[in-house]
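Have a look at the structure below before the remarks.
All values below were derived from every heavy atom in this structure, side-chain atoms included, with hydrogens, water molecules and symmetry-related copies excluded. Numbered from 1 within each chain, the chains take letters A, B, ... in sequence-line order.
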Protein chains: 2
Amino acid sequence: MRVSKEQAAKNRERVVDVAGQLFRERGFDGVGIDAVMAQAGLTHGGFYKSFASKDELIAEACQAAGVRSVEDWIGHAANSSDPFVDLVTRYLSPAHCRNRKDGCVFAALATDVGRRDRPVRAAFAERLKAFSTHVARLMPGRSAARRREGALAAVATMIGAIAMARAADDEEFAAEVLAAARATLLGKDGASAPGLQG
Amino acid sequence: MRVSKEQAAKNRERVVDVAGQLFRERGFDGVGIDAVMAQAGLTHGGFYKSFASKDELIAEACQAAGVRSVEDWIGHAANSSDPFVDLVTRYLSPAHCRNRKDGCVFAALATDVGRRDRPVRAAFAERLKAFSTHVARLMPGRSAARRREGALAAVATMIGAIAMARAADDEEFAAEVLAAARATLLGKDGASAPGLQG
DNA sequence: ATTATCTATAGATCTATAGATAATGC
DNA sequence: ATTATCTATAGATCTATAGATAATGC
């Protein structure tokens, strides 16, 4: 029954990872401790020797999934010839839309996190800031301030578009939203972006 | 105990309205039937004479709150001298960010709805399409196709920005996100929007 | 001896139903 | 007589804890 300290640490990590996946699929309130522990291959009674509460797990899962999300999206883009195009195209793809479990935690849980307590929101916000900072570096634009501004808006557009596409029961509408967000962020359709005044 | 048919219909409507507010504040899974009925001034036992299930209430609440949200945002903008600027400025305001209960249902529940069953997603998507169509009409742009595309992207940006701002525990970051989304959608900072390639 | 995990369960909460109650509507 | 609402409760589920078990680590 008892395992080594090393194994116990790995088990704890697996619980956090598995929780991050299940939360993205079903939401924080849609997943019980027993489901998380079962998915990690443990029984639910042992949970409270590793975590003070479910909220602590939620905060850690947001932190860990956030780190992973930033690494994945930014890492892949950085190895591409056109990082910003790579990021936007992959992020706003039907494949990402379908894959909630391993997809971006920000797009999966944005409105849910807004209702959680401070530690959860702090963990989420910290990773969201890191993501935005990395996106600003990939971003075309004259000044750092403009890249920062553009990055924050681009992140909002990407998160909002994926959330909309997943919410809609209509595949065609979902695809249209993703295409519109891609075109607008990448300026595919002409000299000036839609939404510009004057 | 028993009330008139007319009063019963009003009670049912109030339950749907109250549910829409509570769901926006606490999420679908964060609100029980008893809380909804209590807020509507009724006891929870009577709920199932009006609704087949909680999911039916959720679908109706999304529908009703969606109709209301579209009326509010589009109606106010239409009476303004510059409808698109009015919409974007009011939507992406700290006041809207604070007011979840009566705020836009799309920004409050986007990621939650993606995990619900088909009827809920259908009701939500229908209203989201109506909102997008109305935004396209307010939208500057040369062709109808470009206005449509711009509207979908603008809606995604607005929903994403409010979700991000509410998720963050950091007021300054929240304000920065809203300002960046406003500036990008309204093209406040120069000839071309950030994010444009070339 | 310590402790990571397991079994079992307490206590709270949530959806849904059954049957009672009292006012409406024929 | 019908029915909108209420009281009461069944049954499921969820967070958290207590105590047992068995392998680690001194």
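- Within the nucleic acid shown, Gly32(B) comes within 4.0 Å of sugar-phosphate atoms alone, with no base atom in reach, counting heavy atoms only.
- A sub-4.0 Å separation between OP1 or OP2 of dT5(D) and a side-chain N or O of Asn11(B) is present.
- When all heavy atoms are compared, the tightest approach of Arg24(A) to Arg115(B) is O-NH1, 4.1 Å.
- The shortest distance between side-chain heavy atoms of Leu152(B) and Val135(B) does not fall below 4.5 Å.
- Taking the nucleotide of DNA chain D with the nearest heavy atom to each of Val3(A) and Lys49(A), the more 5' of the two is matched to Lys49(A).
- Interface residues of residues 51-65 of chain B facing DNA chain C, ordered by number: Ser53(B), Lys54(B); criterion, heavy-atom separation under 4.0 Å.
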Go ahead and write out DNA chain C as dot-bracket, 5' to 3': ( ) for pairs within the strand, [ ] for ones crossing earlier pairs, | when the partner sits on another strand, dots for unpaired; Watson-Crick or G-U wobble, both distances under 3.5 Å. ||||||||||||||||||||||||..
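- Linking Ile, Leu, Val, Met, Phe, Trp and Tyr whenever their side-chain heavy atoms come within less than 4.5 Å leaves Val67(B) and Phe173(A) in two separate clusters.
- The hydrophobic clustering, which links ILVMFWY residues whose side-chain heavy atoms are closer than 4.5 Å, places Ile162(B) and Val85(B) together.
- Here the shortest heavy-atom pairing between Asp29(A) and Gly30(B) reads OD2-N, 4.1 Å.
- An OP1 or OP2 oxygen of dT17(C) is reached within less than 4.0 angstrom by no side-chain nitrogen or oxygen of Tyr48(B).
- Annotation: cation-pi pair Arg12(B)/Phe51(B) present, NZ/CZ under 6.0 Å from the ring centroid and within 45° of its normal.
- Side-chain contact of Asp17(B) with Gln21(B): a donor-acceptor pair under 3.5 Å is absent, judged by distance alone.
- When heavy atoms are screened at a 4.0 angstrom cut-off, Thr43(B) is found touching base atoms of the nucleic acid.
- Not less than 6.0 angstrom separates the ring centroid of Phe131(A) from the ring centroid of Trp73(A).
- Residue His44(B) places its side chain closer to dA8(D) than to any other of dT5(C), dT2(D), dA8(D).
- When distances run from any side-chain atom of Arg2(B) to the nucleotides dA23(C), dT15(C), dA4(C), the shortest one goes to dA23(C).
- Note on Val31(A): only backbone sugar-phosphate atoms sit closer than 4.0 angstrom, heavy atoms only; bases stay farther off.
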